[in-house]
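For ligands, and for the atoms within them, numbers begin at 1 and follow the listed sequence. Note that these values count all heavy atoms, side chains included, but never hydrogens, waters or copies made by symmetry. Being a predicted model, the structure only gives us computed values, none of them experimental.
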Amino acid sequence: MTYRASACGKIILLGEHAVVYGFPAVAVPVAGLRAKAELAPADLPFILIAPDIGLTSALQDLPANHPLAFCVRRTAEFLGTGIPAARLTITSDIPPASGLGSGAAVSTAIVRVLSASAGRSLAPGEISQIVFDVERIYHGTPSGVDNTVIAYECPVYFQRGREPVLLKINAGMHLLVADSGVHSETRSAVDGVRERWQSDPARYEDLFRRIGALADIGRGHLENGCAQPLGITMNQCHELLRAIGVSTPGLDRLVDAARQAGAFGAKLTGAGLGGNVVALADPQDLERIGSALRGAGAVAVYRTTLESV
Ligand code: PMV
């Protein structure tokens, strides 16, 4: 029998980088962008196929710290099943290295498909923990926000070391995600912030604290379905992310274009130094803002809606 599973991408609405230092963040799923895993029975050995990255390899030939191989081994260990005789194919429409959680989504899809094939249904918290272990290979010191929002696939208020708070939203929210086309590795953006924090801890801790405070304020706006004030909070967060040195002229251009075209707010999302910006807008303005973003250099623009619950 062939098993299939998928996992969503994610957007950090507020709080990136500061979340690594223990401050809160708000993140939401992007249901339409997905990583997919298909597990088909095969003769041994276990084969991993990831056409997007040109990978076809027996699991046993991949190094222990290869993130895909580590994810398979870690999940099998968690399930206590051993490695099945199977062929695992992974595809994803989430652009990699662009702040949309591609790595965590691929890992989540793998955990889900392996547990389904073992006849087990893992709780989101269990999936999130396994994916966090894989994220440490990708990122070194992940906060845990990506694996949490993707494993739960619902808006979350996240703070390191605490149970995530799953958020209920009072009114639909309409978002555009615009890709700058510049790949950026989370690890190097996070390392850069850490170096600057170490050389000026007082200034950076103040910036982190202010970013965290915006996450607290924005959480309320999101829960209450207040798009306009949430947009203002996003704008303020972008300014603080600029101050910690993770924006670029290209990202600032996209953010400005979205605001000028009528977005309630716009900011970079994820690690920055490339990747994506997110804009919050009234549904009737999305078309115009999308064109403005493309005109300002976005190589792709996605729409996503957070439904009220
Ligand atoms: O670039 P992404 O999507 O992996 O987001 C990283 C978010 C950071 O706050 C910069 C790092 C983290 O581990 O939370």
Q. Is there a path of hydrophobic side-chain contacts, each under 4.5 Å between heavy atoms of I, L, V, M, F, W or Y residues, that connects L167 with M234?
A. yes
(Q) Which residue in the set I11, V30, V177 passes side-chain contact (heavy atoms from CB on, under 4.5 Å) when paired with N276? (A) V177
Q. When V277 is tested against each of D252, L176, L251 for side-chain contact (heavy atoms from CB on, under 4.5 Å), which residue passes?
A. L251
Give every pair made of an N or O atom of ligand 1 and a protein N or O atom lying under 3.5 Å apart, one pair per line with both atom names and the distance to 0.1 Å, or write 'none'.
from	atom 1	to	atom 2	distance (Å)
ligand 1	1 (O)	T186	OG1	3.0
ligand 1	1 (O)	A271	N	3.0
ligand 1	3 (O)	K10	NZ	2.4
ligand 1	3 (O)	G99	O	3.3
ligand 1	3 (O)	D146	OD2	3.4
ligand 1	4 (O)	D146	OD2	3.2
ligand 1	4 (O)	T186	OG1	2.9
ligand 1	9 (O)	H17	N	2.9
ligand 1	13 (O)	S143	N	2.8
ligand 1	13 (O)	S143	OG	3.4
ligand 1	14 (O)	S143	OG	2.6

Q) For atom CD of E153, is the number of surrounding heavy atoms from other residues, nucleotides or ligands below 6.0 Å larger than 12? A) yes
Extract all donor-acceptor atom pairs below 3.5 Å that involve side chains of residues 254-271 and protein atoms in other chains or at least two apart in sequence.
from	atom 1	to	atom 2	distance (Å)
R259	NE	N235	OD1	2.8
R259	NH2	N235	OD1	3.3
R259	NH2	A266	O	3.1
K267	NZ	I12	O	3.1
K267	NZ	L13	O	3.3
K267	NZ	E16	OE1	2.8
K267	NZ	E16	OE2	3.0
T269	OG1	I12	N	3.0
T269	OG1	I12	O	2.8

Q) Are any of the side-chain nitrogens in R210 or E205 under 4.0 Å away from the carboxylate oxygens of its partner? A) no
